[in-house]
**Q** 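For reference, the structure I am asking about is given below.
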Amino acid sequence: MGNDATVGDRRQLINVAYRLLGSLTEAEDAVQEAYARWYALPRGRQEETVSPGAWLTTVTGRVCLDVLGSARARRERYVGAWLPDPLPAHAERDGYGADPADPADQMVLDESVTMAFLVVLESMTPAERVAFVLHDVFRYPFAEIAGTLRRTPAACKQLAASGRRRVRDARTRATPAVQADVVRQVKAAWERKDIAALVDLLDPAAVMTADGGGRAGTVLRPIEGGGRIAPYMVAIADKAPGLELLERSVNGAPGLVARRDGVVVTVAAFDVAEGRVSRIWVVRNPEKLRPWVG
């Protein structure tokens, strides 16, 4: 098989790498590295490779494993909390010119990219994350995953099972309709600066985590408790006149986007349980908001 056989694999590889790394830029870099290694192979090696797609997946997985191994140290140096990159829905990018070379335009949005899911993936060891994502999300057999992790299929099965236990409790508990309704009520209460209404919509044990990356002002540590989050949200509203709040899909789930002068400055994702907001993830780092054009 020649080089052309690899072109159609890019979308799948981007989807795998984003779920492994939680970063569009890092995912793109990992896939580019895999392709660079493919094109560096002698022509004879390429032609004797039965499945270039499987080869590219294995290499992409190994590159991601290396990135995950070094990510912890880098994220310890990160200013404030680190959150995965938020993704807009394709429909909300229409009219702005989709770019097939942009990794955000190649993402398939489903339950495996919700912010709640990705945050739990962050708690896994690199090997657990690779085994779990490749097997449970993308249905790769353990025999193939073994080649990526350089472990036995049995060991990979154990790693995936360990990852599965971690993620079991993180499944989105509210239906999209219920979550959209709660998020809509949060938006209305926030716009009214109604602290009492916000407290009622927030779980008493709710947690808000914000990612400014040192490039945008925000709290550096999570805010815990609905009674503390609600007045903080209203204080933000007081400090940011002219902010436009919009209901948008964030990583495939109902969320909110704040826009100033037509520019997206904040993206908020939510987890809703039993009709109340249990988690809020706020991304303000402009580096992570590049796919958000409006």
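Just so you know, these numbers use all the heavy atoms, side chains as well, and skip hydrogens, waters and symmetry mates.
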**Q** Are side-chain heavy atoms of Phe138 and Thr57 found at a separation under 4.5 Å?
**A** no
**Q** Locate the shortest heavy-atom distance separating Pro88 from Leu109; write the atom from each residue and the value.
**A**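 Distance-wise, the nearest heavy atoms are O-CD1, 3.6 Å.
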**Q** Check whether any side-chain heavy atom of Phe132 lies under 4.5 Å from a side-chain heavy atom of Arg166, and answer yes or no.
**A** no
**Q** Tell me, do Ile280 and Leu202 make a side-chain contact under 4.5 Å, heavy atoms counted?
**A**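 Touching, per the 4.5 Å side-chain cut-off.
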**Q** Mind jotting down which residue pairs meet the side-chain hydrogen bond (donor to acceptor under 3.5 Å, both in side chains) criterion with at least one end in residues 224-245? Sequence neighbours excluded, please.
**A**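 Listed once each, the pairs are Lys193-Asp238, Glu244-Arg259.
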**Q** For Pro222, is there any backbone N or O sitting under 3.5 Å from a side-chain donor or acceptor partner on Thr209?
**A**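 The answer is no, because no donor-acceptor pair under 3.5 Å joins these two groups.
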**Q** Using only atom types and a distance under 3.5 Å, with no angle test, would you say the side chain of Tyr35 pairs donor to acceptor with the backbone of Arg10?
**A**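 Yes, because the side chain of Tyr35 sits within donor-acceptor range (under 3.5 Å) of the backbone of Arg10.
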**Q** Look only at the side chain of Asn15 and the backbone of Val108, and say whether a donor-acceptor pair between them is shorter than 3.5 Å.
**A**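 It does hold such a pair.
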**Q** Any chain of hydrophobic side-chain contacts (each under 4.5 Å) joining Leu24 to Val137?
**A**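 Both belong to a single hydrophobic cluster.
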**Q** Compile the donor-acceptor pairs under 3.5 Å between side chains in residues 145-163 and protein atoms, sequence neighbours left out, one pair per line.
**A**
from, atom 1, to, atom 2, distance (Å)
Thr152, OG1, Ala155, N, 3.0
Ser162, OG, Glu128, OE2, 2.4

**Q** Kindly write out the residues that satisfy side-chain contact (heavy atoms from CB on, under 4.5 Å) with Leu201, not counting sequence neighbours, or none if the list is empty.
**A**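 Leu201 satisfies side-chain contact (heavy atoms from CB on, under 4.5 Å) with Gln185, Val186, Ala189 once adjacent residues are dropped.
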**Q** Within the distance-only criterion (no hydrogens, no angle test), does the side chain of Lys288 pair as donor or acceptor with the backbone N or O of Leu83 below 3.5 angstrom?
**A**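 Side chain of Lys288 to backbone of Leu83, a donor-acceptor pair under 3.5 Å: yes, one is there.
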**Q** Do the side-chain N and O atoms of Tyr78 and Asp211 include a donor-acceptor pair separated by under 3.5 angstrom?
**A** yes
**Q** Tell me if a side-chain donor or acceptor on Gln46 pairs with a main-chain N or O of Trp38 at a distance below 3.5 Å.
**A** yes
**Q** Between Arg19 and Asp110 (salt bridge meaning N to carboxylate O under 4.0 Å), is one present in this structure?
**A**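 Yes, Arg19 and Asp110 are salt-bridged.
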**Q** Between the side chain of Ser123 and the main-chain N/O of Val119, is any donor-acceptor distance below 3.5 Å?
**A** no
**Q** For Pro86, is there any backbone N or O sitting under 3.5 Å from a side-chain donor or acceptor partner on Trp292?
**A**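 Looks like yes, one N/O pair under 3.5 Å.
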**Q** Any heavy-atom pair between the side chains of Val63 and Arg37 that's under 4.5 Å?
**A**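 In contact.
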**Q** Does Asp203 use its side chain to pair, donor to acceptor, with the backbone of Arg276 at less than 3.5 Å?
**A**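 Checked: no pair found.
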**Q** Any non-hydrogen side-chain atom of Asp271 less than 4.5 Å from a side-chain atom of Met115?
**A**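 Not in contact.
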**Q** Do Val250 and Trp281 have side chains that approach each other closer than 4.5 Å (heavy atoms only, starting at C-beta)?
**A**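 Side-chain contact under 4.5 Å: no.
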**Q** Do Val219 and Val282 have side chains that get closer than 4.5 Å, going by heavy atoms?
**A**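 Heavy-atom side-chain distance check fails, nothing below 4.5 Å.
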**Q** Between Glu247 (side chain) and Arg184 (backbone), is there a donor-acceptor pair under 3.5 Å?
**A**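 The answer is no, because no donor-acceptor pair under 3.5 Å joins these two groups.
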